Trainee: 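My structure is below; once you've seen it, I'll send some questions.
What you see is a predicted model; the values in this text were computed from it and never measured. Counting starts at 1 for both ligands and their atoms, in listed order.
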Amino acid sequence: MILIIGYGSFGRKVANYAKTLDKVVVIDKNPAVFESVDNLDFEYVVGDASERETLLNVNIKDADTILILTNEYVINKKIVELINELNPMAYVIARGIVKYPDLYSGVKVDKVIYPIECAAKEVIFEIEKSKLRRKLMDLERVVNSIKLKHRESRDATTLKNENAEDNGKVLFLIIMHNNPDPDSIASAMALKKVFEKWNVDSDIAYGGKIEFDENRAMVNLLGVKITPIYDIDITQYDGIAVVDTSTSKLLPIDPNNYKIDIIIDHHENGDLIAEYMDIRPDIGATATILLEYLIQLNLTPKQDLATALYYAICTDTNYFKRKTSKKDFEAAGYLQDLMDPKTLEMIENPEMDTESMEILARSIINRKIIRSSIALSYVGRINNRGALPKAADFLLKMEGITTTYVFGISENKIYISARTKDLRIDVGDIMKRAFGGGGHQKAAAASIDLGIFESVSNKESLRKLVEEAIQTKILNAMGIGEGEEKGNG
Ligand SMILES: [Mn+2]
């Protein structure tokens, strides 16, 4: 049996739904509330539920669920006290008031509900939805105006030249920022899907390099088609969209030479402008914004896109440890059912190329341990600089080692990667003072010109010279003198 106390407008609604679930009994002290209802298909009692007699009259012991829905809060508490005594097993739902959060302290209530707040939240949710719908209408309008321009220019060409070839489709260029990260890659993939829905073709381009093994694995395993912007004739495109940046510094094209039509990003203080801009710094990843678009357009992301978007949110929020909004969590939750955990695992732990493996091996073999916790390691000539930070990370896993420096030569420079898990050591500061490099407390890097060492052709002599020069500078910056080190022997 469901017992409802209070038959106001809210109680009436609840009673209506509840009677499909179980037998319903309603109590209200005002007989008039029952008169206005035509066919009452539930039991009711006119009485004051804050009086023991009334509750006993309705066989309160039979009630599994009791709802106290009057808006007289003081009386509600009194009723709860009585119920706790007469039927302690019942599931008690009571109407609360936001102003008095402690209203039910000291009594047992299973659920306090705030009807007005629930309704208000639902309204806000609808407002958000309408805003998103509006945004997508704006985006589609921008795309349509480009379509129109495309058609006009095509008609003009056809008039002049009967043989002009054109499949009639509008072609967009989606540009990611330099050295694209998973968020920009996934966002570009998603925007391509949005364009497809509107019958627009698009290519994805990037500047710089795809730097990390993980990012390369993402592109390869998910079969993402992306092209270096230098291989592309930008003039053949009808429109340009930029994802995951709004800063000209990170863009591989000069915004003074090309008109950008669309920018979707989550970074603050960008200098780029476009006809359509959706920039939301409160969101942890651009992928979250684009997933909203997909859902709004009824486009359920397929497994590859879902995996990409999920990985993008994970990396941009550093696995939800950095700035993460409720929307990012919701997006990740939604994607979890759609993505492929096996592919994700392969992206997160990509196979290492032979050179990286060798550099790792050399960093272990060549390590010099100072003060039993600092490892310095020279790995010689390298092609893949990305292997240095990996080696520095890897050495940190050795027992007793808390700070690592791995350095090697690439072209005519010495590159150094530093890592520490010792909170008293700031490797960013050390790299800066020793070599003018940079980074933060836990991870840093630097590079210096090989200079006069360049003329040294003997491998072994070069090793000795570089090792000694780098070691001296690092130890000095750390405040560990050479002499002192020898003394400690
Ligand atoms: Mn991002």
Trainee: Could you please tell me which protein N, O or S atoms lie under 2.8 Å from the Mn ion (ligand 1)?
Mentor: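 For the Mn ion (ligand 1), the protein N, O and S atoms that sit under 2.8 Å away are Asp183 OD2, Asp244 OD1, His266 NE2, Asp316 OD2.
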Trainee: Ignoring hydrogens and angles, write down the donor-acceptor pairs under 3.5 Å from the side chains of residues 390-397, residues two or more places apart or on other chains.
Mentor:
residue	atom	partner	partner atom	Å
Lys390	NZ	Asp213	OD2	2.7
Asp393	OD1	Arg419	NE	3.0

Trainee: Between the main-chain N or O of Lys321 and the side-chain N or O of Asn318, is there a donor-acceptor pair closer than 3.5 Å?
Mentor: no
Trainee: Quick check against the 3.5 Å criterion: does Asn458 have a side-chain atom that pairs as donor or acceptor with the backbone of Glu460?
Mentor: yes
Trainee: Do Thr343 and Asp340 have side-chain atoms, one donor and one acceptor, less than 3.5 Å apart?
Mentor: yes
Trainee: Would a distance-only check, ignoring hydrogens and angles, find a side-chain to backbone donor-acceptor pair under 3.5 Å from Arg381 to Glu411?
Mentor: yes
Trainee: Taking side-chain hydrogen bond (donor to acceptor under 3.5 Å, both in side chains) as the criterion, tell me which of Thr288, Asp278, Asp282, Asp183 meets it with His266.
Mentor: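 With His266 as partner, side-chain hydrogen bond (donor to acceptor under 3.5 Å, both in side chains) holds for just one option, Asp183.
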